[in-house]
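Accompanying notes for the structure given below.
Along the sequence shown, residues carry numbers from 1. On a predicted model such as this, the values are computed, not experimentally measured, just so you know.
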Amino acid sequence: MVAERLSTADTKGSINLRIETNTRQLIDDAAAVLGKTRTEFMVESARQQAIDVLLDQRLFALDSDRYDAFVRALDSPPAPGPKLQSLLRRVPAWKK
């Protein structure tokens with residue numbers, strides 16, 4: 001299994017993008033400041049943004065007071081409203 005992951009990690013693909021000339025120049029200038037190629041800069045930037053987006057959906061930090069309030073809210077959810085009750089009474093599309 002580890003060997004499979006290693007061989008997959010070594011496989012590279014390509015992504016083709018059409019971008020405006022001024023955007024390309026901006027990327028090239030930023031990459032040059034960091035001593036990177038356009039590809040290195042774009043891949044690292046896109047990868048970091050992807051990580052941030054995914055973590056933002058899964059991880060959040062709270063101080064102890066807010067954490068306690070969050071746990072209390074989870075432990076005592078509100079009673080289901082009419083819209084939720086209606087949704088739960090509907091027959092799923094795959095059972096029709």
_Phe60 with Val71, same ILVMFWY side-chain cluster at under 4.5 Å_ = yes
*Which pairs count as side chain to side chain donor-acceptor pair (under 3.5 Å) when at least one residue sits in residues 41-61, sequence neighbours excluded?*
Lys36-Glu44, Gln48-Asp52
*Interatomic spacing from CD1 in Ile27 to CG in Asn22 - rounded to 0.5 Å*: 10.0 Å
*Look up atom CG in Asp29 and atom CG in Leu34, then write down how far apart they are to the nearest 0.5 Å.*
11.5 Å
*List for me each residue that meets side chain to side chain contact (heavy atoms under 4.5 Å, CB included) alongside Arg72, sequence neighbours excluded, and say none if there are none.*
Asp68, Ala69
*Gln85 atom CD, neighbour heavy-atom count above 12 within 6.0 Å*: yes
*What pairs with Asp75 under side-chain hydrogen bond (donor to acceptor under 3.5 Å, both in side chains), at least two apart in sequence or on another chain?*
none
_Taking side chain to side chain contact (heavy atoms under 4.5 Å, CB included) as the definition, give me every residue that meets it alongside Leu17, ordered by chain and number, with sequence neighbours left out._
Ile15, Ile19, Met42
_Tell me every residue that passes side chain to side chain contact (heavy atoms under 4.5 Å, CB included) with Arg90, counting only those two or more places apart in sequence or in another chain._
Leu87
*With Tyr67 via ring pair (Phe, Tyr, Trp, His ring centres under 6.0 Å) - residues at least two apart*: none
*Interatomic distance, Arg38 atom CZ to Gln25 atom CD [nearest 0.5 angstrom]*: 8.5 Å
